[in-house]
Amino acid sequence: SHRIPMVSEHVADPYPLVAGHDYLDVPFSDLVETVRKTADWRLSVNDLGERLHQRLCVEWTFKRGVEEAVAVTLRRLGL
């Protein structure tokens, strides 16, 4: 992550991300307008980018994500 804020359409389960804290969650029909407006929100958008970086690169590493996904899959398969 390069601390770039993320704007996304609604995601049913964004775990480990938190909508409104780590990224902006907006209806699909509002995506383009929201991205345009973020230029006016420079400070809060910078905060979103920083929080997204913290979540994806510090707290939730790629390795951790893969290990958890494998563990969940194995549990579901009863292995």
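Just so it is clear, the values below take in all heavy atoms, side chains as well, and ignore hydrogens, waters and symmetry mates.
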message: Does this structure show an ion pair linking R51 with D22, if we count only N-O contacts that are shorter than 4.0 Å?
response: no
Atom pair [atom1]/[atom2] of [X] and [Y] - distance to nearest 0.5 Å:
X   : Y   : atom1 : atom2 : result
D25 : L31 : CG    : CG    : 9.5 Å
L56 : F62 : CG    : CZ    : 12.0 Å
D30 : K37 : CG    : NZ    : 7.5 Å
R3  : N46 : CZ    : CG    : 11.0 Å

Side-chain heavy-atom pair [X], [Y] within 4.5 angstrom cut-off:
X   : Y   : value
L24 : T38 : yes
V26 : E9  : no
L48 : H21 : no
Y23 : P14 : yes

Side-chain heavy atoms nearer than 4.5 Å, only ILVMFWY residues, links allowed to pass through others: does that put [X] and [Y] together?
X   : Y   : result
V66 : Y15 : no
L52 : V58 : no
V72 : L79 : no

- request: Grab the two heavy atoms, one from W60 and one from G65, that are nearest each other, plus how far apart they are.
  value: NE1-CA, 3.5 Å
field: Residue pairs involving residues 67-79 (criterion side-chain hydrogen bond (donor to acceptor under 3.5 Å, both in side chains); sequence neighbours excluded)
entry: none
